[in-house]
Amino acid sequence: MPSAVREYDSPTPSGITKFTNCLLVKGNQLVKEDLWISSINGKILRSQEVFYEQRAVPDRILDLGGRIVSPGLIDSQLNGAYGFDFSVIPEDGAPSYGKGVLRVNKSLIKTGVTSYLPTLTSQKAEVYHKALPFLGPSGAPRDPSAGSESLGAHCEGPFISPTKNGIHDVSVLRTAPNGIIDLEECYGAENLVSPSPIKYITLAPELPGALSCIPALKNRGIRVSIGHSEATYEEARAGMAAGAGMITHLFNAMRPLHHRNPGIFGLLGTASTTLGYVKPYFGIIADGIHLHRTTIKIAWNAHPDGFILVTDAMSLVGLPDGTYDWTNGSRIIKKGPLLTLEGTDGKIAGSSISLIECVTNFLNWSGASVPEALKAVTETPARMLGLHGVKGTLDPGADADIVILELQDTEAGEKKLEVEQVWKFGQKVFEKNEQLSL
């Protein structure tokens with residue numbers, strides 16, 4: 001990455017890096033402004049306060065040549081990557097599983113994703129009991145060398161509709177006639193107490209007992225998302241009124257929009273003042289396979305402040321084309337970016353796209369500006385997760401998780417965002433064309 005780096009020798013190093021000649025992503029704008037970060041506390045600094053009150057100066061100044069400085073990207077739905085599946089427990093159990101999670105973390109951060117939610121698909125109870133202890137929030141040590149940081153697990157199922165299961169194994173799906181007791185038996189009671197390794201759970205609100213579980217989960221600090229559901233508009237509203245705040249991969253694995261009953265999508269078209277609660281956040285897979293680009297634009301126009309780009313990526317990300325074993329005896333066929341379930345008529349089986357590619361696609365398909373597109377993988381998911389001010393922003397006091405991006409023009413006349421550098425807790429952990437060992 002061509003840039004000017006000035007190093008300053010100091011008898012008392014400050015641990016401060018200053019980015020200059022750059023464009024900062026702030027709200028819906030690109031602002032030409034310097035940014036100061038600390039490798040000591042891992043935070044974004046107030047430059048005026050540091051310079052004038054603390055009399056501290058940067059150890060180095062990086063001239064970024066007009067590049068974009070974005071908060072680190074957040075992927076709210078990642079099923080696995082680089083040959084590792086969060087829903088598969090290796091034969092030797094915990095040792096290999098823990099190593100697999102660490103391998104994903106160290107590889108994922110090179111794509112610009114500094115934080116994410118490891119996602120477990122519908123499984124038998126024993127899988128959750130074994131996997132969840134490894135998937136809780138991992139940022140407490142504030143160790144940049146650990147790679148991308150888990151913000152907590154996303155349990156996508158098994159309390160979902162058997163008719164909207166996607167590639168989830170119908171044989172492991174459940175209902176909750178006994179309310180939260182059934183969820184405790186499934187996920188493990190110890191995993192449903194605060195602090196929980198689970199950040200949010202996707203469920204179908206129309207299932208027996210599901211509605212009563214939503215406020216119970218919310219009281220324990222676990223968010224609820226509606227998805228893989230046959231819910232009518234009225235049933236979806238009841239789920240929101242009970243405390244759900246998110247929709248899992250909008251349009252996919254749910255009742256389609258109908259002019260007499262808009263289903264789950266209808267939640268985006270109702271004024272918040274008449275709902276009695278705020279409009280939900282919602283995930284969108286912008287891989288060019290799950291959704292038509294116009295469908296994505298409609299969703300964004302309906303509720304831009306709730307729009308979150310997710311990959312829904314599988315363990316096959318980064319692997320060559322072929323047929324691979326999945327969970328519960330199923331097999332997935334990978335052909336380029338397309339993943340399908342073997343033995344079906346082309347049923348989509350997640351994605352193999354990176355999050356920055358989703359941002360680039362959305363940027364070209366929607367007419368959104370660069371900061372608006374990046375907001376869908378930074379500020380908005382951070383708000384959804386209750387982490388605004390800590391993640392997804394360049395405001396002083398936030399974690400210094402930074403991605404340096406170059407905006408390129410392609411031969412096809414489209415825009416493309418390239419990850420040039422990644423910084424975690426104030427330290428550089430990746431640079432394009434330069435191998436940094438984590």
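The analysis underlying the following values was restricted to heavy atoms, covering all of them including side chains, and did not include hydrogens, waters or symmetry mates.
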Legend entry - Evaluation steps, side chain to side chain donor-acceptor pair (under 3.5 Å), between D59 and S14: CA-CA 6 Å; D59 293 331; S14 64; 3.3 Å; yes

Inset, instruction - Could you go through the ring-ring contact (aromatic ring centres under 6.0 Å, His included) check for H290 and H249 one step at a time? - result: CA-CA 9 Å; H290 281 77; H249 47 53; 7.4 Å; no

Inset, instruction - Would you sort out whether H388 and T393 count as a side chain to side chain donor-acceptor pair (under 3.5 Å), showing the intermediate values? - result: CA-CA 7 Å; H388 182 64; T393 179; 5.4 Å; no

Inset, instruction - Show your working on side-chain contact (heavy atoms from CB on, under 4.5 Å) between N261 and E234 and close with a plain yes or no. - result: CA-CA 9 Å; N261 193 306; E234 291 74 21; 3.1 Å; yes

Inset, instruction - Decide yes or no on side-chain contact (heavy atoms from CB on, under 4.5 Å) for T20 and D34, but give the supporting numbers first. - result: CA-CA 5 Å; T20 191; D34 294 345; 2.8 Å; yes

Inset, instruction - List the steps, then state whether side-chain contact (heavy atoms from CB on, under 4.5 Å) holds for W365 with W300. - result: CA-CA 11 Å; W365 298 344; W300 180 59; over 6 Å; no

Inset, instruction - Test side-chain contact (heavy atoms from CB on, under 4.5 Å) on K110 and V422 and set out the steps. - result: CA-CA 7 Å; K110 299 173 185 178; V422 183; over 6 Å; no

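Counting non-hydrogen atoms of neighbouring residues, nucleotides and ligands closer than 6.0 angstrom, the CD atom of Q408 exceeds 12 such neighbours.
No donor-acceptor pair closer than 3.5 Å links the side chain of T340 to the backbone N or O of G346. Remark: the backbone N or O of R103 is paired with a side-chain donor or acceptor of S107 at under 3.5 angstrom. Judged by distance alone, with hydrogens and angles left aside, the side-chain atoms of S351 form a donor-acceptor pair with the main-chain N or O of T311 at under 3.5 Å. The closest donor-acceptor contact from the side chain of T378 to the backbone of L374 lies under 3.5 Å. For the pair D75 (side chain) and L117 (backbone), a donor-acceptor distance under 3.5 Å is absent. Panel note: side chain Y128, backbone Q123; a donor-acceptor pair is recorded below 3.5 Å. Side-chain N or O atoms of S352 include one that pairs as donor or acceptor with a backbone N or O of P337 at under 3.5 Å. Checked by atom type and distance alone, the side chain of T360 never pairs as donor or acceptor with a backbone atom of K416 at under 3.5 Å. A donor-acceptor contact shorter than 3.5 Å links the side chain of K334 to the backbone of G336. Checking side-chain atoms of S150 against main-chain N and O of G152 turns up a donor-acceptor pair under 3.5 Å.
K43 pairs by the side chain to side chain donor-acceptor pair (under 3.5 Å) definition with D399, not counting sequence neighbours. Considering only residues two or more places apart in sequence or on other chains, D312 meets the side chain to side chain donor-acceptor pair (under 3.5 Å) condition with Q77, N79. Y97 is linked by a ring pair (Phe, Tyr, Trp, His ring centres under 6.0 Å) to F84, F134, counting only residues two or more places apart in sequence or in another chain. Checked against ring pair (Phe, Tyr, Trp, His ring centres under 6.0 Å), Y324 has no partners two or more places apart in sequence or in another chain. A search for ring pair (Phe, Tyr, Trp, His ring centres under 6.0 Å) contacts involving W36 returns nothing, not counting sequence neighbours. With sequence neighbours excluded, no residue forms a salt bridge (charged side-chain N to carboxylate O under 4.0 Å, His left out) with R46.
F265 is not listed as a side-chain neighbour of I247, based on a closest heavy-atom distance of 4.5 Å or more. Within the 4.5 Å cutoff, no side-chain heavy atoms of V310 are placed close to those of H154. For the pair K26 and E33, the minimum side-chain heavy-atom distance is below 4.5 Å. Looking at heavy atoms from C-beta onward, K279 lies out of side-chain contact with L267 at the 4.5 angstrom threshold. With contacts defined as side-chain heavy-atom distances shorter than 4.5 Å, the pair I37/I44 qualifies. Residues Y116 and V104 form a side-chain contact, since some pair of their non-hydrogen atoms from C-beta on lies under 4.5 Å apart. A 4.5 Å side-chain heavy-atom check between C186 and F159 finds at least one atom pair inside the cut-off. Residues D401 and E149 meet the side-chain proximity criterion, which asks for heavy atoms closer than 4.5 Å.
Heavy-atom minimum distance, T202 versus I160: O-CG2, 4.1 Å. In terms of heavy atoms, S148 sits closest to S115 at OG-N, 3.5 Å. Here the shortest heavy-atom pairing between F425 and G139 reads CZ-O, 3.9 Å. Shortest non-hydrogen contact noted between I348 and I167 is O-CG2, 3.3 Å. Closest non-hydrogen pair, M246 versus P280, comes out as N-CB, 4.3 Å. Minimum heavy-atom separation, L268 to A299: CD2-O, 4.1 Å.
Remark: I201 CD1 to R223 CZ distance equals 12.5 Å, nearest 0.5 Å. In this structure, the separation between CG on L151 and CG on L385 is 6.0 Å, given to the nearest 0.5 Å. A distance of 12.5 Å separates CG in L309 from CD in E357, rounded to the nearest 0.5 Å. Separating the CD atom in E206 from the OG atom in S161 is a distance of 5.5 Å, to the nearest 0.5 Å. The distance from the CG atom of L417 to the CD1 atom of I356 is 5.0 Å, given to the nearest 0.5 Å. Distance SG/C22 to NZ/K32: 9.0 Å, rounded to 0.5 Å.
Below 30°, between 30° and 60°, or above 60°: for F307 and F362 the angle between ring planes is below 30°, a parallel geometry.
For S196 and N191, the side-chain atoms include no donor-acceptor pair closer than 3.5 Å.
For E406 and K432, the salt-bridge test fails: no basic side-chain N is under 4.0 Å from an acidic carboxylate O. Salt-bridge formation is detected for the pair R220/E184: a Lys NZ or Arg NE/NH1/NH2 atom is positioned less than 4.0 Å from an Asp or Glu carboxylate oxygen.
No option in L192, L120, V127 other than L120 meets the side chain to side chain contact (heavy atoms under 4.5 Å, CB included) test with L132. Results of the side chain to side chain contact (heavy atoms under 4.5 Å, CB included) test with M254 over L257, N252, L250 single out L250 as the only residue that passes.
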